[in-house]
Amino acid sequence: MKQIIELIEAELEEAFEKAGYDRTLAKVTLSNRPDLCEYQCNGAMAGAKTYKKAPIMIAEDVVNYLKENVCIAEAEAVKPGFINMKLNEEFAAGFLNQMAADESMGLNQAENPEMIIVDYGGPNVAKPLHVGHLRAAIIGESVKRICRKMGHQVLGDVHLGDWGYQMGLIITELKKRKPELPYFDESWQEEYPQEAPFTISELEEIYPTASAYAKEHEDYREEALHGTWMLQNGHKGYTALWKHIVRISVNDIKKNYERLNVEFDLWKGESDAQKYIPDMIQGFKDKGQAYLDEGALVIDVREESDTKEIPPCLIQKSDGASLYGTTDLATLIQREEDYRPDRVIYVVDKRQEMHFTQVFRAAKKTGIVRGETKLKFLGFGTMNGKDGKPFKTREGGVMRLENLIADINEEMYKKMAENRMVDKEEAGNTSKMIGLSAIKYGDLSNQAAKDYVFDVDRFTSFEGNTGPYILYTIVRIKSILNKYQRQGGTLEGLQCLGACTDSEKALMLEVCRYNAAMEAAFTETAPHKICAYIYELANAFNRFYHETKILAEEDKERQKSYIALLIVTRNVLEACIDTLGFEAPERM
Ligand code: ARG
């Protein structure tokens, strides 16, 4: 379906043209003075110069041609030259009913669905997930769902950090603690054990210990680097050990993502890209795309229009080791071979922006991806504590993801226990759902690139621009619909007739904006647009609710129309929170 605003714009284009003006002046926006009108067009002002006329005259001319049309009920020319408009109610009701009957609720499904890969999460094997990984997971999951909702074919790839120095550290530490293990026996000929020689908790202790030790002891660090090198060059024992590390760690990582309602289609890692590297590098050399700079192999990625220095993309160090960028380029080769994506979206900390600028340019320049492939970096800011510094535990340490989630759930549980009389089990489940909405909405309602303050009190509040407020609104609608059914009403085949009151019309208008909001969120890769939209929608609903007797309405036709409006409102809200990656309980 077209967006409401496009339909109004089409009417205005006609009117501009009939009045003798250029139709491209007919740009319509939501009104920034909702007390005066619902939509507005400032085209008359823009045209004043061309037509050497006072804007108000142009506006009046256009308004004259707007008298007879289906979607605008009132149009008014206002000084200095605004065209203020109100939507025709019947038209809005018709739009809403059409939306309600449509499978995708009026969303324009992509005509040529793209193959999109969303690269997000990026956890590092053997290191515990911490709050730094929270944003990647939350934003990436939402971006993936938004793309899917628009009808694209989307794959989420976790892109594990499973090939770096941390592996060498763990191997070195294990060798120190348990030198008798067969992985360190160079003459070992048999199969390696099926069981890992450590548990997840041991693993989590080993990494920080080794990392700290290496910082103090140069020889240990050298050994870890050498261990990394041996692993990367196919050492049998280390490879077997590495597989254990990855398996145990990934199991644990999966549990964490499950708690966050985050799901990946691909569990690929940096290691999967390694086999593409030798040929890739050879290709760069053969085609003269890379050159040696102080012994290192680099690709120049500067462009004429650059306003700041973009350093070359490092491909290989002088000792032959490949780097982060090498892996990302090789991963693009692998993706091109396996999926031929039209678009790859990277959801990563914005401090890595330069890295991705270099990688994207190198990929285009060397032809790893096609010229038309869209490579998009969605960089996110830092999640801060109330003190404005990166979020920490009360003791000042790095906050583990599972602890953060547990804290929020507990907070929600307490609030629920104060308010409601539900049994323990239900309260437990519901508080998890609401807790998740608090965390995710708290994050997603901010523009991704901005830093934000993780404020537990604010995020868990049932009032204001929060996840719990949105859920509360949905639950309120569900409860009305349930009561209506208990009173003998049915939810089938209802139509919205139009609005009796301002608040009803305002709610209808908000509901009708669904496709515009979702499409904007997709085009701009911006989940916060959905949050902003559902906050407005929830407010509009609550205002309507407070001003209207829905279940006590005596005019049964009127009541059916209300119920029809409630059903679409609920459906739109639920579709939206689904793209944010959380859901609403039945009651709370
Ligand atoms: N593992 C990386 C980190 O912790 C993030 C990976 C981001 N994705 C990518 N394709 N480089 O910083």
Side-chain angles (χ1 to χ4, degrees), residues 116-141 143-144 154-170 204 207-208 211 228 232 242 245-246 249-250 252-254 256-257 262 264-274 276-277 280 313-315 322-336 338-339 341 343-364 368-369 373-383 390 398-401 448-449 525:
I116 302 177
I117 293 181
V118 186
D119 178 318
Y120 67 110
N124 298 311
V125 162
K127 301 188 200 174
L129 284 178
H130 57 81
V131 299
H133 294 105
L134 187 66
R135 295 211 72 192
I138 292 178
I139 300 168
E141 180 71 18
V143 166
K144 181 187 77 183
V154 194
L155 293 172
D157 185 358
V158 71
H159 198 74
L160 289 171
D162 61 355
W163 203 236
Y165 173 54
Q166 86 263 32
M167 295 301 171
L169 280 171
I170 295 167
E204 285 182 354
Y207 170 73
S211 165
T228 312
Q232 294 182 346
W242 170 79
I245 302 174
V246 172
S249 181
V250 163
D252 185 61
I253 291 174
K254 279 191 176 159
N256 272 286
Y257 283 131
V262 165
F264 294 95
D265 307 285
L266 304 174
W267 280 85
K268 298 255 179 223
E270 295 180 359
S271 63
D272 291 294
Q274 301 311 310
Y276 297 87
I277 292 179
M280 176 179 85
C313 184
L314 268 159
I315 302 297
S322 54
L323 299 109
Y324 189 36
T326 327
T327 301
D328 268 320
L329 285 171
T331 303
L332 278 170
I333 297 185
Q334 170 235 316
R335 288 176 178 161
E336 190 66 17
D338 294 349
Y339 308 106
R343 193 190 294 238
V344 187
I345 304 173
Y346 295 80
V347 184
V348 185
D349 191 311
K350 72 176 173 196
R351 286 170 291 190
Q352 294 193 23
E353 179 163 20
M354 179 58 89
H355 163 77
F356 284 99
T357 303
Q358 294 169 314
V359 167
F360 293 174
R361 286 185 180 188
K364 289 262 153 135
I368 286 179
V369 299
T373 308
K374 301 182 196 97
L375 299 175
K376 159 103 188 161
F377 174 67
L378 182 63
F380 53 80
T382 308
M383 174 174 141
V398 174
M399 181 66 127
R400 294 179 58 140
L401 209 54
T525 331

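Quick note: numbers below take in every heavy atom, side chains included, and nothing from hydrogens, waters or symmetry partners. One-based numbering, in listed order, for ligands and for the atoms of each.
Residues that satisfy the ring pair (Phe, Tyr, Trp, His ring centres under 6.0 Å) test with Y339, not counting sequence neighbours, are absent from this structure. Residues meeting the ring pair (Phe, Tyr, Trp, His ring centres under 6.0 Å) test with Y276, sequence neighbours left out: none. Scanning for ring pair (Phe, Tyr, Trp, His ring centres under 6.0 Å) contacts around F380 gives an empty result, with sequence neighbours left out.
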| Given the rule in the side chain to side chain contact (heavy atoms under 4.5 Å, CB included) test, do V347 and K144 qualify, once you have shown the distances and angles that lead to the verdict? | CA-CA 10 Å; V347 184; K144 181 187 77 183; over 6 Å; no

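A donor-acceptor pair under 3.5 Å links the side-chain atoms of Q274 to the main chain of E270, judged by distance alone.
Below 30°, between 30° and 60°, or above 60°: for F356 and Y324 the angle between ring planes is above 60°, a perpendicular geometry.
Ligand 1 is surrounded by D119, G122, N124, H159, Y324, D328, Y346, V348, Q352, F356, each with at least one heavy atom closer than 4.0 Å.
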